[in-house]
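Computed from heavy atoms alone, side chains included, the values below leave out hydrogens, waters and symmetry copies. Just so it is clear: chains get the letters A, B, ... in the order the sequence lines come, proteins before strands, and each one is counted from 1.
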There are 2 protein chains.
Amino acid sequence: MSTRTPTSGVFDTETRPATGPRVRNRVEVGDDAPVSISDRSTANRSALNAPSKSGSLGRQVARHLRSRIMQGEVSPGARLPSETEIAVDYGVSRVTVRTAITLLESQGLVDVRHGSGTFVSDFGTEIKAGIQELRSITETIREMGFTPSMERHKGETRAASEHESKRLDLMPGEQVLDLQRAVYADGEVVAYSFDVIPTKTLDAQMLERMGQGSVFEVFETIGITPARAMAELHAVSSQEIAWGPQKPEQGLFLLLDQVHFDKDGKPFMYSKSYFVEGRFQFVILRTR
Amino acid sequence: MSTRTPTSGVFDTETRPATGPRVRNRVEVGDDAPVSISDRSTANRSALNAPSKSGSLGRQVARHLRSRIMQGEVSPGARLPSETEIAVDYGVSRVTVRTAITLLESQGLVDVRHGSGTFVSDFGTEIKAGIQELRSITETIREMGFTPSMERHKGETRAASEHESKRLDLMPGEQVLDLQRAVYADGEVVAYSFDVIPTKTLDAQMLERMGQGSVFEVFETIGITPARAMAELHAVSSQEIAWGPQKPEQGLFLLLDQVHFDKDGKPFMYSKSYFVEGRFQFVILRTR
DNA sequence: ATGACGTAAGTCGTCCTACAACTTTGCCTA
DNA sequence: TAGGCAAAGTTGTAGGACGACTTACGTCAT
């Protein structure tokens, strides 16, 4: 056996913080001969069924490992089980585990050291507000522990401008939904959002719902899944952007100018998000 | 043989745009038995020696593939050679090629489709100024096709401020090198760089060289390799930042406020880079 | 001639086994 | 006690094999 006894079982580390009750998943695999050293073996194979059905096996494992790390099952700086252990745990090959870990490493979440092990990055868990991960503003606000809300300032259909139709790959003069909203976190305005959405793929009912809740939720109901976004960053100083009683005095914003693409590479939304400087912290983990 | 003849040899694709003269790398390996079907075999194995000596083999291959893609050897949307072909070409195993491609995929540079092939992302090549990849400003400028240059405005040692010593994990009052420089691209100022470097790990000679060329090159000579940077983004409007004849009038900047860490997680530099709004395009590819 | 279908080839995804390179620990020796 | 050596553990790379998926092409019935 190990002479170092670093981490023995299924993600329990010596420096583990107070974690919630470990959910033991029933083993319902049954295809390969179970190694079954004791109870704790191929325990997480079944866990890959639930919400992470999509994508390759490696991606599924990556997603699952990621959520476990984010939930604090392993404290930053602590070592993960060896690749072999994880492979046995999930009932997959070591190759699959490696692709998963490579993915996590490229996201800056873990730190792989040759001959030593894979460690949870010291920052890793802080990057929740990171830009590079594609998630909606409200989602990000919620993850940061605030309560997000929206106020619709404008919502009408009009012809797309030349610039917009170029970005969205539209014919000139095509109709778009012009959505202007203020984004709040705990009642304080943090951003002004200007979204432009082609109406050709939407019916009247959809148009109405767009104004209300999360835009992305509506897209999901019609089978459009955001896969990528091409974003530009700019500093903007202007009095023409904000409105309302909480309009910031100095008019200084960080602009996220981006086009959203679905999984087929088709653009489906063009949005300009003006973040009030100082109210919203953008953190990026840059890696080699 | 292939009945489809998609791409045959070493990265030549049917839809390739007008690329510059293909630089054929001399084969100067000599350690492993050359397969040598003709000229075009294990051609790129040697290419991994030159500037990309560091990191695992997979990373080296990734770096090399990346530069080839960036140079336009394959046009966006076109297919890369199969993993097997690339493996033979570089004289490495398919496993290594896969880790390389996984890396490129996570950076949004390529798009892997099961059963079909690996394709260069439509955006991919536009991300040259991407933030998430950790590279020096001068390096980025050079990759964009401009000629970078620097002008040192200030370079003196002083005691670290409280804020700086907190970021750099220093004792209060410790000495730091305060470096203030203007960054030019083709003679036009694009950024103002404020770097703070603890002097305890540097001797007098190093301090002098810091002001001259690339800061990162000096760090490399003393064995410090930048591995990560934790960056914050801000919009700044101020007249106190720039200097010189090209000082921008409106004083609007995009601030990249970042701490650099080496591979051991130790901070070794704190820098504020003020990019003149409009002169430098920040593009981020956001992925799920 | 044309359209649907099956087939075959190509490519990525996963698995297995083995070994090399590296790191850490701990014991052994001088 | 200090130094070095050996062993065990871990990640990196290799080679071969097969499954899953995609695409092009030829065949066959209409």
Side-chain angles (χ1 to χ4, degrees), chain A residues 1-9 13-14 29 31-33 35 42 45 48 53-62 78-106 110-120 264, chain B residues 1-9 13-14 31-33 35 42 45 48 53-62 78-106 110-120 263-264:
Chain A
M1 260 288 157
S2 170
T3 58
R4 211 168 66 210
T5 54
T7 73
S8 60
T13 48
E14 62 277 30
V29 179
D31 46 64
D32 53 348
V35 186
T42 50
R45 175 71 192 214
L48 297 181
K53 54 191 183 301
S54 69
S56 66
L57 240 183
R59 290 187 114 76
Q60 294 175 40
V61 173
R79 218 203 65 185
L80 260 62
S82 74
E83 295 175 351
T84 308
E85 282 181 283
I86 297 177
V88 173
D89 184 24
Y90 279 97
V92 299
S93 81
R94 202 185 134 212
V95 176
T96 303
V97 174
R98 278 183 67 77
T99 68
I101 289 181
T102 302
L103 237 56
L104 298 181
E105 188 189 20
S106 73
V110 298
D111 210 5
V112 182
R113 300 179 205 158
H114 186 183
S116 179
T118 303
F119 299 78
V120 176
D264 300 321
Chain B
M1 260 291 161
S2 169
T3 58
R4 210 169 66 212
T5 53
T7 74
S8 61
T13 49
E14 63 277 30
D31 46 66
D32 53 348
V35 186
T42 49
R45 175 73 190 211
L48 297 182
K53 55 194 180 302
S54 68
S56 66
L57 239 183
R59 290 187 116 76
Q60 294 175 41
V61 173
R79 218 203 65 187
L80 261 62
S82 74
E83 296 175 350
T84 308
E85 282 181 280
I86 297 178
V88 172
D89 184 24
Y90 279 96
V92 299
S93 80
R94 202 184 135 210
V95 177
T96 303
V97 174
R98 278 185 68 75
T99 67
I101 289 181
T102 302
L103 236 56
L104 297 181
E105 188 189 20
S106 73
V110 298
D111 213 3
V112 182
R113 300 179 205 157
H114 187 184
S116 178
T118 303
F119 299 78
V120 176
K263 63 182 191 312
D264 300 321

For atom CD of Glu83(A) and atom P of dT14(C), their distance in whole Å
15 Å
Rounded to whole angstroms, how far apart are OH on Tyr90(A) and P on dC15(C)?
14 Å
Arg94(A) CZ to dT14(C) P: how many Å, rounded?
16 Å
When you measure from the side-chain N and O atoms of Ser116(B) to the phosphate of dT22(D), is any distance below 4.0 Å, counting only OP1 and OP2?
no
Rounded to the nearest 0.5 Å, how far apart are OG1 of Thr99(A) and CG of Leu104(A)?
9.5 Å
Please compare Thr118(A) and Gly115(B) by the position of their nearest nucleotide in DNA chain D and report the one closer to 5'.
Thr118(A)
Taking only side-chain N and O atoms of Ser93(B), does any of them lie within less than 4.0 angstrom of OP1 or OP2 on dT13(D)?
no
Output the rounded distance in Å from CD1 (Ile86(A)) to P (dG9(D)).
17 Å
Round to the nearest Å and state the distance from Arg98(B) atom CZ to dG15(D) atom P.
16 Å
For a quick check, tell me whether the side chain of His114(B) and the base of dC12(C) share a donor-acceptor pair closer than 3.5 Å.
yes
Straight-line distance of Arg98(B) CZ to Thr102(A) OG1, nearest 0.5 Å:
10.0 Å
Round to a whole Å and report the spacing from CG of Leu80(A) to P of dG9(D).
19 Å
Can you tell me the distance, in whole Å, between the CD1 atom of Ile101(A) and the P atom of dT14(C)?
14 Å
Interatomic distance, CG@Leu80(B) vs CD@Glu85(B), rounded to 0.5 Å, equals 10.0 Å
Mind grabbing the angle between the end helix axes of the helix from dA1(C)-dT30(D) to dA30(C)-dT1(D)? Five pairs an end, 10° rounding.
10°
Please classify the nucleic acid contact of Val112(B) as base, sugar-phosphate, or nothing, using heavy-atom distances under 4.0 Å.
sugar-phosphate
Separation of Leu57(A) atom CG from dG19(D) atom P, in whole Å?
16 Å
Any Thr96(A) side-chain nitrogen or oxygen under 4.0 Å from OP1 or OP2 of dC15(C):
yes
